[in-house]
Amino acid sequence: MLVLLAGIFVVHIATVIMLFVCTIANVWVVSNAGNASVGLWKNCTNTFCNETLSYASEDALKTVQAFMILSIIFSAISLLVFVFQLFTMEKGNRFFLSGATMLVCWLCVLVGVSIYTNRYANGYGTNYQGQYHHGYSYILAWICFCFSFIIGILYLVLRKK
């Protein structure tokens with residue numbers, strides 16, 4: 001049981017780090033030439049990230065930014081609650097609060113990445129003209145979606161022994 005809890009803890013820390021990286025990095029959509037990329041915050045060309053996004057004032061992008069930030073916050077809170085429950089909870093109880101908080105994180109990732117997929121993953125607002133692919137930030141966000149769901153469910157089912 002200790003190995004399982006340690007494994008979940010490590011995956012949870014990795015998820016928090018990956019959420020942080022995918023939200024900050026400007027590599028959600030990349031041109032096939034490899035010299036330009038677009039993220040949630042800036043448009044980068046030749047490793048120079050100065051240009052603001054042409055659609056930066058759109059509500060959909062602001063919603064994606066907000067939900068990705070919220071997912072980081074809820075994931076970190078869930079990690080702290082888990083550590084707190086690990087040391088204070090009586091034996092035989094379940095990690096309900098940690099699991100519920102992690103599932104809220106999962107919902108935030110789901111909403112944020114789904115809106116981005118619907119609105120911007122097709123190269124909208126770029127001049128890539130169909131010559132693009134998804135960057136590592138976009139892929140990391142979907143991986144975090146899966147990890148946060150698995151961790152949330154595991155927290156709900158596990159008992160402290």
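The figures that follow rest on heavy atoms only: side chains count, while hydrogens, waters and symmetry mates do not.
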**Message:** Using 0.5 Å steps for rounding, measure from the OG atom of Ser37 to the NE2 atom of His134.
**Reply:** 14.0 Å

Do any side-chain atoms of residues 4-19 form donor-acceptor pairs under 3.5 angstrom with protein atoms, and if so which ones, sequence neighbours left out?
from	atom 1	to	atom 2	distance (Å)
His12	ND1	Tyr155	OH	2.8
His12	NE2	Ser75	O	3.0
Thr15	OG1	Val11	O	2.8

**Request:** Could you please spell out the steps behind the side-chain contact (heavy atoms from CB on, under 4.5 Å) verdict for Tyr55 and Val38?
**Result:** CA-CA 11 Å; Tyr55 49 88; Val38 175; 3.1 Å; yes

**Message:** Side-chain heavy atoms nearer than 4.5 Å, only ILVMFWY residues, links allowed to pass through others: does that put Ile24 and Trp142 together?
**Reply:** yes

**Item:** Single-linkage hydrophobic cluster Val3~Val83, side-chain heavy atoms < 4.5 angstrom
**Value:** no

**Request:** Carefully, step by step, assess Leu97 and Phe82 under the rule side-chain contact (heavy atoms from CB on, under 4.5 Å).
**Result:** CA-CA 8 Å; Leu97 191 56; Phe82 172 69; over 6 Å; no

**Request:** Report yes if the side chains of Leu40 and Trp28 come closer than 4.5 Å at any heavy-atom pair, otherwise no.
**Result:** yes

**Flag, side chain of Asn26 to backbone of Lys42, donor-acceptor distance under 3.5 Å** = yes

**Prompt:** To the nearest 0.5 Å, how far apart are CZ in Phe147 and CE in Met102?
**Reply:** 10.5 Å

**Prompt:** Among all residues two or more places apart in sequence or in another chain, which pass the side chain to side chain donor-acceptor pair (under 3.5 Å) test with Glu58?
**Reply:** Arg119, Tyr120, Tyr124

**Separation between CD1 of Ile72 and CZ of Phe67, rounded to the nearest 0.5 Å** = 14.0 Å

**Prompt:** Is it the case that Gln131 and Ser31 place a side-chain donor and acceptor less than 3.5 Å from each other?
**Reply:** no

**Item:** Check against side-chain contact (heavy atoms from CB on, under 4.5 Å), Ile150 and Ile153
**Value:** CA-CA 5 Å; Ile150 292 168; Ile153 295 299; over 6 Å; no

Quick one: side chains of residues 104-117, donor-acceptor pairs under 3.5 Å with protein atoms, not counting sequence neighbours, listed by atom name and distance.
from	atom 1	to	atom 2	distance (Å)
Ser114	OG	Leu110	O	2.6
Thr117	OG1	Val113	O	2.7
Thr117	OG1	Tyr138	OH	2.8

**Request:** Flag the pair Phe96 / Val81 as yes when at least one side-chain heavy-atom distance between them is below 4.5 Å, and no otherwise.
**Result:** no

**Prompt:** Measuring from Phe84:CZ to Phe95:CZ, what's the distance to the nearest 0.5 Å?
**Reply:** 12.5 Å

**Message:** Are the side chains of Trp41 and Gln65 in contact, using a 4.5 Å heavy-atom criterion?
**Reply:** yes

**Asked** Are Leu80 and Ile69 connected, step by step, through hydrophobic side chains (Ile, Leu, Val, Met, Phe, Trp, Tyr) whose heavy atoms are closer than 4.5 Å?
**Response** no

**Complete:** The reported gap from CD1 in Ile151 to CG in Leu158 (rounded to nearest 0.5 angstrom) is 11.5 Å

**Test item: Thr101 side-chain N/O and Ser78 main-chain N/O as donor-acceptor pair under 3.5 Å** = no

**Item:** Which atom of Gln85 lies closest to which atom of Ser98, heavy atoms considered
**Value:** OE1-OG, 2.7 Å

